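Okay, so here's the structure we're looking at.
Since we're looking at a predicted model, the values are computed, not measured. Order of listing sets the numbers, starting from 1, for every ligand and every atom in it.
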Amino acid sequence: MKAVSLLGSTGSIGKQTLDVVRQHPEAFHITALTAHRNRKLLLEQINEFQPKIASITRKEDAEWLKTNIDATTIIFNDTEGLLAAASEESAEVVLNALVGSMGLLPTCHAIQAGKTLALANKESLVAGGSLVMKLAKLNQVDLLPVDSEHSAIFQCLRGEKSSQLSRIILTASGGPFRTLSKAVIETTDPSAALKHPNWSMGQKITVDSATMMNKGLEVIEAKWLFNLKTDQIDVLVHPESIIHSMVEFMDTSVIAQLGQPDMRVPIQFALTYPDRYQLDAPRLDLSALAQLNFEKADIDRFPNLRLAFQAMEIGKTMPCVLNAANEKLVPHYLERKVSFYQMADLIESIMSHHVPFDYDSVEAIHEVEQWVEGQVNELIR
Ligand code: NAD
Ligand code: MG
C-alpha cells in the first residue's frame, strides 16, 4: 500500500486524486490531507479516508474540525500544518495540488524530506525551478508530472535517450477565446473566461487557459522537468485536447500520447509509476471524433505566451516575476478592475522594471514576489 500525502485535497486536482484512490483501496491509502477554506469538505474527506494528519489554514477551522471529526486524525493549521503534511513521516509520495506559487515552500519541504513528489502545482517550478531541480538532485527524489501535457511527454520519453530528443510539442486547447478577435476578447465579460471548452478546473488555471498564460507557465515547467532549451519547446493549438503532447526525435520520428481529457489519467500514472493500473474512465474512440484539428499559437492575440517565452529566455528570477504578476492580476481581471490586454501590459511593464538575479532560497523568491505585489498594487491604483 502506497501512503499518499495530498496537499490541496479540496480543489479540482485534489478531489480527482481522491477519486483515483477510491478506485484502488488495495493500492493506496491517504496519510495526510490539507485544505485552505473549505472545512466542510475537508471534514468529509477526513472521515472517509482517516488520514494520520490533516491541516487547514485558519486556526478556528482547525478547532472546528477537532470537535467534529469522526477519526483519530491529528489536526494542524497554517503553514506549519501544510509543511507537516508535506514531510509526513509515513508518506511515500506527496501530491502537490495547491494553486499558486505558495506551493513552492511545501514542494521544497517534501523534497528535502526525501519524498517522491507528484507535482500538479506548476507555479512551484515556474517561480523556483532552479532551486526545486537542485534540491531534487541533491536529495535523489523523483519529480513526477501531474500536468497532462508533462505527463504525456514523460510517457513519450520512457526508454528514450534525452540526448536524442530534438524538441517537444506542447499542445494547447486555445481556451474559450481561441476563435475571437482581439477587439472581442478585450470587451468580453471575464465570466466567459471561466468557461473552458474541454476541462473542468480551478478558477485560476481556467483564467490562465483563456489568456494562454497557462501554456506559458507550462513551457517553463517543461524546461525544468525535461532540461530543455528555449528553441526545443513548441506550442501547438489543438482544440480537442486529445493529443496531450508530443516529442520529436533527431531522426524526425514523433511520438504522441493520446486520451480523453481526464485528469485522473495523469494523476493515476504519477501515483502508480512505473506501473499502470486499470482506470474506470471513458475510453478514446477516434472514429467517433472523426477529426483532430491543429493551429499555430497566436502570440499577437495571446501576448502572455510571448512574455512567458521571454521570461524563460531571460531566466533567473524573471519567470518568478511573470508568475507573481499574473497571480496578483487574475483576481483584478475577474473583478473587472483590469481588462484582458491590460493584464499582459502590466505583466510586461513589471518585468521591464525587474533586474533578474540568481536565487538559491525560497525566501529570495518570496522577496521578489512581495516587490511584484507592491508594483501591482501601485499600478492598479
Ligand atoms: P483549485 O483552486 O481547484 O484547488 C487548489 C487547492 O489548493 C485547494 O484545495 C485549496 O484549498 C488549496 N489552497 C489554495 N490556496 C491555498 C493557500 N493559500 N493555502 C493553503 N492551501 C491553499 O486548483 P486546481 O485546479 O486543482 O489546480 C491545482 C494545481 O494544479 C495548479 O497549480 C494548477 O495549475 C494545476 N493543474 C490543474 C489542472 C486541473 O485540471 N484542475 C490541470 C493541470 C494542472
Ligand atoms: Mg496542462
Side-chain angles (χ1 to χ4, degrees), residues 6-20 32-42 45 54-58 61-62 76-86 95-107 117-127 144-154 168 170-175 194 196-209 211-222 225 235 238 241 243-245 257 259-267 269-270 323 326-327 330-331 334 369:
L6 175 57
L7 314 181
S9 62
T10 52
S12 161
I13 293 289
K15 285 188 278 188
Q16 293 181 85
T17 302
L18 293 177
D19 270 351
V20 167
L33 292 171
T34 82
H36 187 37
R37 294 259 189 253
N38 193 344
R39 68 184 193 183
K40 197 169 154 278
L41 180 56
L42 182 60
Q45 294 176 342
S55 180
I56 192 154
T57 301
R58 290 191 300 205
D61 290 333
F76 293 90
N77 68 285
D78 212 0
T79 310
E80 186 200 344
L82 189 55
L83 296 183
L95 197 147
N96 184 343
L98 299 166
V99 62
S101 66
M102 56 76 53
L104 176 62
L105 185 61
T107 284
L117 186 66
L119 195 61
N121 178 253
K122 64 192 79 180
E123 296 93 343
S124 286
L125 279 175
V126 176
L144 303 172
V146 170
D147 214 347
S148 57
E149 296 78 358
H150 304 74
S151 175
I153 292 161
F154 185 66
I168 64 161
L170 277 180
T171 52
S173 71
L194 291 173
H196 196 280
N198 305 338
W199 301 93
S200 156
M201 310 180 284
Q203 194 166 41
K204 192 234 167 204
I205 182 175
T206 306
V207 173
D208 285 350
S209 299
T211 65
M212 289 201 75
M213 181 57 97
N214 182 50
K215 209 49 53 180
L217 301 179
E218 290 184 356
V219 165
I220 301 170
E221 180 186 13
L225 283 173
V235 171
H238 164 43
S241 301
I243 299 181
H244 297 311
S245 278
Q257 189 261 342
Q260 296 281 9
D262 184 336
M263 284 308 295
R264 291 175 306 169
V265 179
I267 291 169
F269 187 63
N323 178 68
N326 181 62
E327 264 182 56
V330 165
L334 289 173
E369 290 177 334

Under a 3.5 Å distance rule, please check whether [X] uses its side chain to pair with a backbone N or O of [Y] as donor and acceptor.
| X | Y | answer |
| --- | --- | --- |
| Asn96 | Asn121 | no |
| His150 | Glu221 | no |
| Gln45 | Leu33 | no |
| His244 | Ser151 | no |
| Lys215 | Thr171 | yes |

Give, rounded to 10 degrees, the angle between OE1 (Glu149) and OE2 (Glu218) as seen from the Mg ion (ligand 2).
->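 About 100°, to the nearest ten degrees.
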For [atom], what's the nearest protein heavy-atom neighbour? Residue, atom name and distance, please.
| atom | answer |
| --- | --- |
| atom 40 (O) of ligand 1 | Met201 CG, 3.2 Å |
| atom 34 (O) of ligand 1 | Lys122 CE, 3.1 Å |
| atom 15 (N) of ligand 1 | His36 CD2, 3.7 Å |
| atom 30 (O) of ligand 1 | Ala120 O, 3.3 Å |
| atom 33 (C) of ligand 1 | Ile205 CD1, 3.8 Å |
| atom 41 (N) of ligand 1 | Ser12 OG, 3.1 Å |
| atom 9 (O) of ligand 1 | Thr10 OG1, 2.8 Å |

Option nearest [atom] (shortest heavy-atom distance, choices [options]):
| atom | options | result |
| --- | --- | --- |
| atom 25 (O) of ligand 1 | Gly202, Pro261, Pro266 | Gly202 |
| atom 19 (N) of ligand 1 | His196, Met102, Gln203, Lys204 | Met102 |
| atom 6 (C) of ligand 1 | Ser101, Ala97, Pro145 | Ala97 |
| atom 32 (O) of ligand 1 | Glu123, Arg37, Gln16, Glu218 | Glu123 |
| atom 31 (C) of ligand 1 | Thr17, Ile13, Leu98 | Leu98 |
| atom 23 (O) of ligand 1 | Leu6, Leu7, Asn121, Val99 | Val99 |
| atom 4 (O) of ligand 1 | Ser209, Ser151, Ser9, Gly11 | Gly11 |

Heavy atoms only: give me the nearest [X]-[Y] pair and the separation to one decimal.
| X | Y | result |
| --- | --- | --- |
| Val126 | Leu217 | CG2-O, 3.5 Å |
| Gln16 | Ser200 | NE2-O, 4.5 Å |
| Ala85 | Thr34 | CB-CG2, 3.4 Å |
| Ser173 | Ser241 | CB-OG, 3.4 Å |
| Ser101 | Asn323 | CB-ND2, 3.6 Å |
| Leu42 | Ala35 | CD2-CB, 3.9 Å |

Does an N or O anywhere in [X] fall below 3.5 Å from an N or O of ligand 1?
| X | value |
| --- | --- |
| Asp147 | no |
| Gly8 | yes |
| Met263 | no |
| Asn214 | no |

In ligand 1, which numbered atoms sit nearer than 4.0 Å to a non-hydrogen atom of Thr57?
->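 So the answer, numbered in order with elements, is 19 (N), 20 (C).
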The Mg ion (ligand 2) - closest N/O/S atom in Asp147 |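 It is OD1 of Asp147.
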Where does Asn38 meet ligand 1, judged by heavy-atom distances below 4.0 Å: at the side chain, the backbone, both, or neither?
->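 The answer is neither; Asn38 stays 4.0 Å or more away.
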Test: Lys122 and Glu149 ion pair at under 4.0 Å =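 Looking at Glu149 together with Lys122, the answer is no, because their closest N to O distance does not fall below 4.0 Å.
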Pick one: which of His36, Arg37, Lys40, Arg39 meets side chain to side chain donor-acceptor pair (under 3.5 Å) with Asp61?
->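 By the side chain to side chain donor-acceptor pair (under 3.5 Å) criterion, Asp61 pairs with just one of His36, Arg37, Lys40, Arg39: Arg39.
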